[in-house]
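Naming: A, B, ... by sequence-line order, numbering from 1 per chain.
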Number of protein chains: 2
Amino acid sequence: MEDRTQSSLIALRRILRATELNARTVARATGLTTPQLIVLEIVASSPRAQPKDIAAKAGVGQATATSLVDKLEARGLVERTRGEHDRRLVWVTATEEGRRVLESAPDPLQHVFSQQFSKLPDWEQAMIVAALEKIGAILNAGAIDASPLLDVGPVDRR
Amino acid sequence: MEDRTQSSLIALRRILRATELNARTVARATGLTTPQLIVLEIVASSPRAQPKDIAAKAGVGQATATSLVDKLEARGLVERTRGEHDRRLVWVTATEEGRRVLESAPDPLQHVFSQQFSKLPDWEQAMIVAALEKIGAILNAGAIDASPLLDVGPVDRR
DNA sequence: AAAAAACATTTCGTTTATCGAATCAATTGT
DNA sequence: ACAATTGATTCGATAAACGAAATGTTTTTT
């Protein structure tokens with residue numbers, strides 16, 4: 001009942017608190033700043049992204065988004081290409097290098113987690129995996145991703 | 001076996017990604033910057049904290065920690081008091097106002113979560129609560145909290 | 001064709017974050 | 001008592017982040 005929602009929220013908040021510190025650590029480890037890391041993650045999480053959407057998702061202005069993309073581009077972590085059938089648009093994509101940086105970033109929280117996780121009894125591991133996946137699905141559902149329609153190129157209209 | 005750890009890590013990473021954007025949103029909603037929010041959370045998570053420990057937990061230098069605490073103090077969200085029996089120390093505590101800000105901060109991720117959560121069947125809710133609590137315990141175990149010994153005041157030694 | 005709207009970028013100025021080094025105060029070890 | 005250590009702050013300097021407004025392109029509308 002209500003009670004359960006309450007309990008879950010309290011537990012969730014506790015996790016959120018723990019993870020907030022994590023982002024900073026990861027950012028530092030990759031040599032990026034937190035805003036830069038966030039933009040890189042946004043870009044890498046979909047095949048391509050527009051500066052406008054990046055700004056919206058990251059919660060910054062367009063000007064700032066442009067500047068952050070500049071920084072990432074200078075390091076070869078993302079690339080810009082002009083839109084084919086609408087040349088006002090710019091598509092930002094993560095480079096191989098960019099994805100590699102994200103993958104290889106040492107993540108202290110993951111480290112701690114996997115260490116403790118392996119000690120749990122079998123049934124608990126199974127339960128946690130199932131719950132984690134469900135939670136991930138729920139949270140990611142919220143981060144609606146104005147799913148990047150594929151740019152199919154010039155279309156004959158009319 | 002190995003496989004489960006792998007699955008859980010993948011799921012965890014997905015959650016981490018989703019939550020990283022959240023911190024910025026919450027920070028902005030409270031009128032604080034992300035580093036300030038983190039410091040406030042560190043301070044509020046225990047009855048009192050030393051600048052030195054704040055710096056360590058937040059992953060910044062002492063100088064930076066001092067400056068962040070300055071900002072929070074200027075807004076009346078935290079207070080400083082000198083250590084009783086060791087006057088080199090400074091104890092930073094969250095004010096009522098500071099806690100109120102944290103409590104009342106609209107948290108988009110929590111909103112989405114509670115909404116979806118309530119739709120789940122009973123058994124799944126129970127499972128998730130259990131798992132969330134376990135995960136929270138695991139993650140917070142990593143963020144060791146040099147548990148703030150209570151300052152018992154001047155002690156007669158000898 | 002002209003006007004309006006949409007996007008990205010540039011420019012300028014302000015605020016933060018952050019670090020290292022120096023400084024000050026207080027405590028501890030010898 | 002004296003020297004070394006510890007904790008916090010201050011100072012100075014640099015790099016980011018950020019926003020508002022102006023600019024330049026490229027659609028869309030009218």
- Query: For dC24(C), does either OP1 or OP2 sit under 4.0 Å from a side-chain N or O belonging to Arg87(B)?
  - Reply: no
- Please name all residues satisfying salt bridge (Lys or Arg N to Asp or Glu O under 4.0 Å) with Glu41(B), sequence neighbours left out, ordered by chain then number. Arg17(A)
- Check whether any side-chain N or O of Gln50(B) sits under 4.0 Å from OP1 or OP2 of dA8(D), and answer yes or no. yes
- Message: Under 4.0 Å, heavy atom to any atom of DNA chain D: which of residues 63-74 of chain B qualify?
- Response: Ala63(B), Thr66(B)
Listed pairs, N/O of protein and of nucleotides 3-6 of chain D, under 3.5 Å:
residue: dT6(D); atom: O4'; partner: Arg88(B); partner atom: NH1; Å: 3.4
residue: dT6(D); atom: O2; partner: Arg88(B); partner atom: NH1; Å: 2.9

- Query: Which whole-number value in Å describes the distance from Gln36(A) CD to dT18(C) P?
  - Reply: 13 Å
- Check whether any side-chain N or O of Arg82(A) sits under 4.0 Å from OP1 or OP2 of dT27(D), and answer yes or no. no
- Query: Are Arg80(B) and dG7(D) close enough that a side-chain N or O sits under 4.0 Å from OP1 or OP2?
  - Reply: no
- Query: Looking at residues at least two apart in the chain, or sitting in another chain, which of them share a salt bridge (Lys or Arg N to Asp or Glu O under 4.0 Å) with Lys71(B)?
  - Reply: none
- Under the salt bridge (Lys or Arg N to Asp or Glu O under 4.0 Å) test, which residues partner Arg80(A), sequence neighbours left out? Asp70(A), Glu73(A)
- Side-chain touch Val69(A)/Val78(A), heavy atoms, less than 4.5 angstrom: yes
- Message: So, using salt bridge (Lys or Arg N to Asp or Glu O under 4.0 Å) as the criterion, who are the partners of Arg88(B) when residues are at least two apart?
- Response: Asp86(B)
